[in-house]
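Inspection log for the structure reproduced underneath, given as structure tokens.
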Amino acid sequence: MTRSETPSPLPFRLPAGGLIDRSTEIRFSFDGRSYAGHPGDTLASALLANGVRLVGRSFKYHRPRGLLSAGPEEPNGLVELRAGARREPNTRATVAELYDGLEATSQNRWPSLRFDLMSLNQLAAPILSAGFYYKTFMWPAALWEKLYEPMIRRAAGLGRAAEAPDPDRYEKATAHCDVLVVGGGPAGLAAALAAARTGARVILADEDFRLGGRLLAEAQTIDGRPALEWAALAEAELEAAPEVRIFRRTTVFGAYDHGAYGAVERVNDHVATPPAYEPRQRLWRFVAERCVLAAGAIERPLVFPGNDRPGVMLAGAVRTYAHRYGVAAGREAVVFSTGDDALRTARELAAGGVTVAAWVDARREPPDALREAVQELGAPFYPDGAITAVHGRTSIQAVDIRTPLFQTTLECDLVAMSGGWSPTLHLTSHLGGRPVWDEALGAYRPGAPPPGMSVAGAAAGGMTLRECLATGGRLGLEAARAAGFEGTDAPPPVAWPESAAAATLWRGPTGKGKAFVDFQNDVTDADLELAEREGYRSVEHAKRYTTLGMATDQGKTSGVNAVGILAGLRGQGMAETGTTTFRPPYTPVSFGAMGGHHRGKEFRPTRRTAAHAWAAEQGASFVESGVWLRAEWFTRPGETDWMQSCAREVATVRGAVGICDVSTLGKIDIQGPDAAALLDRLYTGTFSTLPVGRARYGLMLREDGFVFDDGTTARLGAEHYLMTTTTANAGKVMQHIEFALQWLWPELDAQAVSVTEQWAQFAVAGPRSRELLARVVAEDVSNEAVPFMAALPVTLPGGVRGRLFRISFSGELAYEIGAPSSYGEALARALMEAGRDLGVAPYGLEALNVMRIEKGHVAGGELNGQTTARDLGLQKMVSTKKDFIGRVMAQRPALVAPDRPALVGWKSADPSVRVSAGAHFLDVGAAASMENDLGYVTAAAWSAHAGGWIGLGLMKHGPERIGETVRAWDAVRGRDTPVTLCAPCFYDPQGERLRG
Amino acid sequence: MRITCPHCGERGNEEFAYLGDATVRRPDDAGAARPGAPEFERWMDYVYLRDNPAGRHRELWQHVHGCRAWLVVTRDISTHAIFSVEDARAAALARPSLVARDAAS
């Protein structure tokens with residue numbers, strides 16, 4: 001930043017005025033060229049000050065475009081802001097606060113903004129009319145993907161997203177208040193003051209970096225002094241009030257149920273790089289008892305030929321640039337208006353030394369006072385007139401003016417147009433409220449706003465400053481009262497009377513050249529005509545057919561004009577034609593803000609088991625399993641491939657003893673006199689008959705009859721069970737049990753609590769596991785003392801109370817041993833130490849998977865939510881003697897149909913050919929078609945024991961075809977492998993080893 | 001949305017899980033409900049048939065990131081206005097028994 005006594009004058013900067021710091025010059029670049037501006041500028045005002053009129057190319061026709069507005073409604077002035085990883089596309093230059101070093105690039109032009117080859121699209125305009133997506137490129141269909149779509153994508157478009165991860169931080173936060181005031185203009189300030197004076201907690205949010213709204217943009221007087229002085233006093237009072245929070249640079253973008261509002265605070269968008277530990281943006285949820293919407297109004301463009309040429313601007317924007325930023329948007333201006341409001345623009349221009357070349361008024365009989373006021377400025381006044389053509393391409397040279405009496409061409413470089421003002425009522429319709437057409441106002445007023453919201457000032461259709469101050473103050477006080485606070489009515493501040501008289505003109509006389517309705521999506525009045533002609537009678541259909549209002553600006557400047565044009569085409573009123581409704585967000589919200597800090601490592605919590613550090617020391621590779629990190633395998637020195645490590649681990653378990661951390665399995669402690677009855681209703685099997693000190697495998701169905709989950713549940717006491725679930729379903733099963741206890745059978749006297757995180761548990765598996773355990777556990781662990789499926793409390797080293805379960809997933813003699821989580825790591829180390837001379841080694845998920853496939857135990861691939869107990873060969877586990885969840889629906893004919901895919905084992909005929917899960921079973925010689933599909937491979941593994949690739953699958957009539965050869969057809973990997981079907985158990989089918 | 005849990009107070013809807021219709025009642029005659037029997041049809045309705053009234057409805061929610069209580073929320077589905085939030089277990093205990101209901105019908 002450079003401070004200079006006499007900054008070099010910019011070509012379109014007025015000699016004085018504006019809310020900019022003229023003593024400080026800041027530099028910024030646009031399309032690589034360096035320019036000067038001042039603090040207080042937006043990118044748009046600084047570009048205009050430098051005489052940059054051409055800021056973008058339009059979406060479809062690549063027409064040269066300049067700034068239309070000075071606010072969030074801007075359809076044309078979209079740029080890529082910043083560079084590299086911080087590049088943000090489609091940013092409205094009109095709301096981008098200027099900072100030193102700002103970099104901006106124009107969009108959608110090639111090779112350059114001034115010379116854009118794609119503007120040839122204009123020559124192809126006849127085929128790019130409304131609905132061209134649906135009509136022009138239909139045939140031949142094969143060309144769509146290869147030619148049409150890439151071509152259209154290249155030609156049409158918006159900015160480019162950054163290609164590297166966003167280096168900035170984003171936050172989410174919640175704030176509560178009694179009264180939320182949306183908008184910091186005169187109505188909003190009056191509302192916030194009135195509410196604050198009652199002592200209510202007030203949040204005042206404004207999207208601008210400065211409070212004041214329209215008071216910043218035009219010369220106004222309040223209480224006999226410049227309006228900005230009143231605004232400054234109001235701001236100071238609010239700042240000093242202890243229960244008031246002012247959010248500047250904060251857009252309230254959505255109204256949600258029950259007083260919740262979404263807002264995005266641009267904390268550091270006005271600096272190149274956010275300071276350390278500060279976010280770029282913060283997403284707020286405001287929870288408000290009451291809300292006063294004081295969002296102002298948006299001016300409507302007029303629809304006439306050439307109304308999109310750079311230099312045709314909204315009249316309100318022209319005066320904003322002059323008054324707030326000290327920028328002349330041109331040297332010679334023509335005003336084209338349907339109302340009196342643009343008089344303030346003409347005066348502001350004249351005061352700044354800009355020639356007002358003519359006032360063209362669309363009304364047949366405009367007020368005499370207006371005519372006199374315009375003529376005082378030295379401008380000719382043309383009632384009942386229209387602009388019928390704009391000469392010039394990238395800037396205006398002249399305009400054609402036509403009235404019933406004559407026609408003329410007038411040289412100028414600026415058109416200030418005003419088609420009236422539309423209340424910014426977007427938030428009132430977010431919960432379904434439909435705006436109501438007000439013929440006298442010439443605009444839609446808010447319909448029924450959401451509960452708790454009232455609408456003040458211009459947003460409610462009260463366009464004058466007087467109305468803004470009066471309604472703001474009144475509604476602010478009412479809102480505070482409704483939230484339980486007391487205050488006294490006070491007279492509103494005094495403002496001068498002003499005329500907001502305006503007529504509506506939806507469409508000027510047609511002429512040569514396109515007249516745009518939606519600037520951002522390049523929709524013209526002719527497109528709407530075409531849609532009408534082709535039968536799109538509903539506004540909603542016409543919008544979708546023409547894409548009007550569907551660009552990033554969501555039709556802020558085009559929606560009402562479109563309804564007006566369609567009404568005219570049908571010869572009916574606005575109210576009969578339709579309305580415009582809005583959905584959140586009011587303006588675009590970045591994905592960064594939506595995501596907050598939930599990305600990368602922080603996307604969700606990383607959950608490590610108690611023995612994680614021990615596993616890492618052992619060389620574990622971890623993988624996300626459910627919500628946990630689990631060891632997949634443990635790499636030993638010399639091992640170069642995970643399959644080597646896995647095969648060694650399997651050999652260790654099958655030949656000696658291995659240890660596997662199974663703490664992530666869900667553990668639910670269930671107690672109470674009716675615990676047994678509860679389990680009988682949750683599981684297909686019976687648990688009330690389970691003796692104390694024993695465990696049993698249980699299968700759970702959903703009420704629709706499909707398998708939900710499985711696990712081993714032990715009875716620790718007469719009224720005490722410990723259930724285990726799969727890792728993936730631990731949370732869902734807990735919810736299921738709570739539902740059963742609280743809603744289905746509230747009379748059951750039982751309690752359930754998750755103890756997954758309270759207990760660490762390890763599988764100790766292999767022929768030498770008992771030998772190992774005997775060295776760790778104080779109690780007798782002989783086969784007689786701890787038979788298969790025993791469950792008992794044990795004493796661990798140091799006197800720690802643990803639990804021992806004799807259960808086996810691997811098919812070997814095996815146990816699971818549990819300890820309170822805080823002893824989990826110590827227990828893992830104790831087991832390893834005790835088993836050193838037995839050849840103990842840790843094993844991971846991959847080895848576990850190989851061994852469960854060898855044993856034919858079902859897991860995630862088979863418990864996929866689409867299988868029944870019968871499909872999985874577990875029908876014998878389903879009781880017919882009691883009610884349990886899923887019992888009735890499991891009997892449905894389709895669920896017991898004999899041709900349902902059922903569990904089967906398979907073995908590859910050629911050990912060198914790999915088979916993967918997902919491959920489809922086909923008969924030998926059958927074509928790969930849906931009709932011939934027999935089912936698919938659910939699990940596959942290399943088995944040293946079987947000497948080849950083996951696995952499980954679900955196959956029609958699979959169990960009846962054991963011994964036959966079919967094919968495993970894998971289109972994804974390009975394999976087609978013969979496999980032999982077998983029973984789904986490859987290892988110790990009699991179970992002698994696990995009982996030994 | 002804001003839901004007032006009877007145990008925890010008013011909270012944002014992200015703390016809650018939604019299940020659905022609280023007006024359906026699980027039958028208790030699983031033994032008799034074989035395909036083809038009228039009891040079976042009642043089970044089919046329980047599992048699959050739901051009213052979708054444009055207006056007031058009773059729904060089951062769970063304060064899953066709070067006290068974990070299941071709740072019966074009476075809500076207007078069109079406007080999202082919430083009329084009452086009850087503890088589901090208390091509401092379930094207050095239901096007439098199925099035997100009594102069958103006798104009455």
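Numbered from 1 within each chain, the chains take letters A, B, ... in sequence-line order. All values below come from the heavy atoms of this structure, side chains included, with hydrogens, waters and symmetry mates left out. Nothing here was measured: the structure is a model prediction, and the numbers come from that model.
- When B/E10, B/R26, B/M1 are compared by the number of non-hydrogen pairs under 4.5 Å with chain A, B/R26 comes out ahead.
- Near-neighbour residues of residues 32-41 of chain B relative to chain A, defined by a heavy atom under 4.5 Å from a heavy atom of that chain, comprise B/A33, B/R34, B/P35, B/F40.
- The heavy-atom pair separating A/A740 from A/L678 by the smallest distance is CB-CD1, 4.3 Å.
- Nearest heavy atoms, A/Y683 versus A/M700: CE2-CE, 3.8 Å.
- Both the backbone and the side chain of B/A22 come within less than 4.5 Å of a heavy atom of chain A.
- Formation of a donor-acceptor pair under 3.5 Å by the A/D178 side chain with backbone atoms of A/R201 is found in this model.
- Although no hydrogens or angles enter the test, the distance criterion places no donor-acceptor pair under 3.5 Å between the side chain of A/T686 and the main chain of A/T689.
- Comment: B/D29 engages B/R42 in a salt bridge, judged by a side-chain N to carboxylate O separation of less than 4.0 angstrom.
- With a 6.0 Å cutoff to the six-membered ring centre and a 45° limit on the axis angle, A/R681 counts as a cation-pi contact of A/W745.
- Annotation: A/K732, atom NZ; neighbour count of heavy atoms from other residues, nucleotides and ligands within 6.0 Å does not exceed 12.
- Between the side chain of A/T579 and the backbone N or O of A/P435 there is at least one donor-acceptor pair closer than 3.5 Å.
- A perpendicular orientation is assigned to the rings of A/F253 and A/Y256, their planes being inclined by more than 60° (bins at 30° and 60°).
- Judged by the 6.0 Å and 45° rule, B/R95 forms a cation-pi pair with A/W743.
- Using a 4.5 Å cut-off between heavy atoms, A/L431 does not touch chain B at all.
- With a 4.5 Å cut-off on non-hydrogen atoms, A/L895 does not touch chain B at all.
- Between A/R702 and A/D704 there is a salt bridge, since a side-chain N of the basic residue sits under 4.0 Å from a carboxylate O of the acidic one.
- Other residues, nucleotides and ligands contribute more than 12 heavy atoms inside 6.0 Å of the CZ atom of B/R50.
- Interface with chain A: from residues 55-67 of chain B, residues B/L60, B/Q62, B/V64 qualify, criterion being any non-hydrogen pair under 4.5 Å.
- Taking A/Q891, A/M734, A/R887, A/E738 one by one and counting their heavy-atom pairs under 4.5 Å with chain B, the maximum is reached by A/E738.
- Of the two parts of A/R285, only the side chain, counted from C-beta on, holds a non-hydrogen atom closer than 4.5 Å to a non-hydrogen atom of chain B.
- Between A/E747 and B/L93, the closest heavy-atom pair is N-CD2, 4.1 Å.
- Heavy atoms closer than 4.5 Å to chain A are found in the backbone of B/T79, but not in its side chain.
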